[in-house]
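Below: the structure, in structure tokens.
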Amino acid sequence: MSMLQFISKWVQAKNKKNDHSDSPQGSPQAPGPLTLRNVQEEFKDCSDLTHYTMPELRADLLFFAHQLDAQAYERDVLRPLLNIKREELEQLLRRSQFIAVEDVVHTVHGILNGYVALFLPQGVYLVDAYGPEKRSIEQSESESAINGPHDAFNESLGTNLGLIRSRLKSNRLKVLQYTAGELSKTKICVLYIDGIADMEYVREMEERIKAIEFSSLYDGTMLTQLIDDFPNALFPLFQTSERTDIAVSKLNEGKLVLIEEHSPSVIIAPSSFFEFFTTPDDYYNRWVVGSALRVLRYIAFLITICLTPLYVAITTYHYEMIPENLLISLTESRSRVPFPPIIEALLMEGTIEMLREAGARLPTKIGQTIGIVGGIVIGTAAVQAGFTSNILIISVAMSAIASFVVPSYIMSGSLRLVRFGLLILSGMLGNFGFCAGIALIIIHLAKLTSLGAPYTIPAAPVKLRDWNDIFIRGPFWALNRRPSQTRSTNVSLNKMKK
């Protein structure tokens, strides 16, 4: 569906709605007939609107210059009008790029979407010359690629669609276009492969997008929060990615990919908890190497949420669990610390989080200096001043490093929040509080769904056939089926490959 067709349908729906509703007294009146003055009135106080007049043709042009492709404007609009006589104008207007419009609303929305409005005695026409400045295709900074393709999505919807089409040259790749945001009118494309994707997911996603009531959408991460099954969940329910190879692989698995206008990341739905611990590098390496790296990520996941809470629980209530040789070192290390372990741990974890946030917000060169120098100086000074123990510094540092091993940044943020919750429970109730916190996390994960699909599949419900691509990355001859989460009664992946 073209932009102009979409605007036309939107105008018809809006007019129909207005016809069947009672407008309150004093509400804005509908715009008058389609004239240059009425359209200019709609853009009152918009100093960036360009008005260009051609007296010889009795023509007026209205457009936003910063939304146009200069070459397209000169080729399709300016040059044909400057090189034509008045009596030849009728023949020119028969060209396909000149689209006649008959109402003010249609014209206004065309101008807002990068069209040039041409006002003539014969009528009003829109010419598509949209082409704002856009970023070139570069490598993703948030998802670095060691092996495999290095191209990443950018903020251009057309460019992102082209990147996927260049990898999936099939007419079975379907693209559905919607809009969301009362003011932003942000375009959202839902991509899926016909015959592989479950159409129930497509219909569910369509309903959720149409139900969005929000003024403006700026990024795909905002969209995920508006279509979540559980808006208050601790963990991200939809995977986001800036890498084209990830999006294409997920489409082949039967998932949906959402591309939002002006967003450099796509949304993948439905998603499972375990997908946040996989990377494309797992499949570009030998399967033994990829499996070892994936196991390392799960170990890092356990370290980042468990190490510091266990330290607090053991040093506060369960000294008998510490080996005798280590107990002596621990006692000497904590002898000068005036705080209980829970306060000590919260102070150091909070400091690490502030350093992490400062490093992320400052310019790259300064941020790296703040992170390295700040961590070393503050850690050393805290131990020498007796504010913390050496062992806690080691625990906090290992937890911070382990959190960076998790490939997904949004999942890493959720895990840091979980760590603080476990830390407080462990400081209050010891090992019982730690075990209760782990149980609550498992219960919370078990009840979550992503687009209606179980979030913890294939661990719960158990699907053993999919375990060859969860904790390990099986060889390619064993990865011949789509995941159970997206498996439908459609053709098998083997048949698609053939």
Side-chain angles (χ1 to χ4, degrees), residues 2-3 48 50 63-78 97 111-116 127-170 173 175 177 179-181 184-191 216-224 238-252 257-268 279-281 283-284 359-368 407-410:
S2 67
M3 174 57 67
D48 56 337
T50 301
F63 54 88
F64 287 107
H66 45 73
Q67 283 194 314
L68 302 187
D69 181 346
Q71 295 181 352
Y73 169 67
E74 182 179 357
R75 181 188 66 245
D76 297 335
V77 182
L78 193 58
Q97 67 260 36
I111 296 174
L112 289 172
N113 285 278
Y115 286 78
V116 178
V127 184
D128 186 7
Y130 182 71
E133 295 293 332
K134 60 184 179 181
R135 185 165 56 93
S136 60
I137 300 175
E138 301 171 351
Q139 181 175 339
S140 172
E141 294 185 3
S142 60
E143 298 176 83
S144 59
I146 301 174
N147 297 318
H150 286 240
D151 55 336
F153 295 113
N154 61 18
E155 290 77 11
S156 171
L157 180 62
T159 301
N160 295 341
L161 288 171
L163 287 172
I164 293 180
R165 285 283 186 189
S166 66
R167 284 175 165 81
L168 289 176
K169 299 179 177 66
S170 172
L173 174 60
V175 180
Q177 184 170 300
T179 185
S184 64
K185 298 293 187 295
T186 305
K187 288 183 285 186
I188 301 170
C189 289
V190 178
L191 284 69
S216 298
L217 296 178
Y218 313 119
D219 187 73
T221 52
M222 292 182 63
L223 178 61
T224 59
F238 294 110
Q239 187 180 5
T240 59
S241 177
E242 295 182 7
R243 294 186 56 169
T244 55
D245 51 347
I246 293 179
V248 171
S249 66
K250 297 302 180 182
L251 284 169
N252 279 312
V257 170
L258 279 69
I259 304 178
E260 181 181 324
E261 185 181 22
H262 308 309
S263 175
S265 58
V266 301
I267 303 168
I268 298 164
T279 67
D281 294 321
Y283 302 94
Y284 300 145
R361 297 290 173 262
L362 290 172
T364 305
K365 296 182 180 179
I366 301 177
Q368 292 176 352
S408 173
Y409 178 78
I410 54 176

Check step by step if side-chain contact (heavy atoms from CB on, under 4.5 Å) holds for Arg243 and His150.
-> CA-CA 8 Å; Arg243 294 186 56 169; His150 286 240; over 6 Å; no
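- From Gln67, atom CD reaches atom CG of Leu112 across 7.0 Å, with rounding to the nearest 0.5 Å.
- When side chains are defined from C-beta on, Ile188 does not count as touching Ile259, because their heavy atoms never get closer than 4.5 Å.
- Partners of Arg135 by side-chain hydrogen bond (donor to acceptor under 3.5 Å, both in side chains), not counting sequence neighbours, listed by chain and number: Glu155.
- Side-chain contact between Ile137 and Thr159 is present, with at least one heavy-atom pair separated by less than 4.5 Å.
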List the steps, then state whether side-chain hydrogen bond (donor to acceptor under 3.5 Å, both in side chains) holds for Thr186 with Glu260.
-> CA-CA 7 Å; Thr186 305; Glu260 181 181 324; 4.9 Å; no
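- Expressed to the nearest 0.5 Å, how far OH of Tyr284 lies from CG of Asn147 amounts to 9.0 Å.
- Evaluation of the ring-ring contact (aromatic ring centres under 6.0 Å, His included) rule for Phe153 yields no partner, not counting sequence neighbours.
- Across every non-hydrogen atom of Pro280 and Ile246, the tightest pair is CG-CG1, 3.2 Å.
- Under the rule for a side-chain hydrogen bond (donor to acceptor under 3.5 Å, both in side chains), Thr240 has no partner lying at least two apart in sequence or in another chain.
- For the pair Cys189 and Leu161, the minimum side-chain heavy-atom distance is below 4.5 Å.
- Tyr73 pairs by the ring-ring contact (aromatic ring centres under 6.0 Å, His included) definition with Phe63, not counting sequence neighbours.
- Legend: salt bridge (Lys or Arg N to Asp or Glu O under 4.0 Å) pairs involving residues 67-77, not counting sequence neighbours, sorted by first then second residue: Glu74-Arg79.
- Rounded to the nearest 0.5 Å, atoms OG (Ser265) and CG (Asn154) are 11.5 Å apart.
- Looking at every heavy atom in both residues, Ser140 comes nearest to Glu242 through OG-OE1, 2.9 Å.
- For the atom pair CG (Asp219) and CD (Glu261), the distance works out to 12.5 Å, reported to the nearest 0.5 Å.
- With a 4.5 Å cut-off on side-chain heavy atoms, Asn252 and Leu168 count as touching.
- Closest approach of Gly114 and Leu68 over heavy atoms only: O-CD2, 3.3 Å.
- Shortest non-hydrogen contact noted between Leu163 and Ala152 is CD1-O, 3.7 Å.
- Of all non-hydrogen atoms in Thr50 and Ala65, the two that sit nearest each other are OG1-CB, 3.9 Å.
- Note that CD1 of Ile267 is 8.0 Å distant from OG1 of Thr221, once rounded to the nearest 0.5 Å.
- Between Arg167 and Asp151 there is a salt bridge, since a side-chain N of the basic residue sits under 4.0 Å from a carboxylate O of the acidic one.
- Counting only heavy atoms from C-beta outward, the side chains of His262 and Leu157 never approach each other to under 4.5 Å.
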Would you check, one step at a time, whether the test side-chain contact (heavy atoms from CB on, under 4.5 Å) holds for Gln97 with Val77?
-> CA-CA 9 Å; Gln97 67 260 36; Val77 182; over 6 Å; no
When you look at Ile268 and Phe238, which way does the side-chain contact (heavy atoms from CB on, under 4.5 Å) test go after all the steps?
-> CA-CA 6 Å; Ile268 298 164; Phe238 294 110; over 6 Å; no
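- The line from OG of Ser263 to NZ of Lys187 is 14.0 Å long, rounded to the nearest 0.5 Å.
- Listed by chain and residue number, Tyr115, Tyr130 satisfy the side-chain contact (heavy atoms from CB on, under 4.5 Å) test with Asp128 (two or more places apart in sequence, or in another chain).
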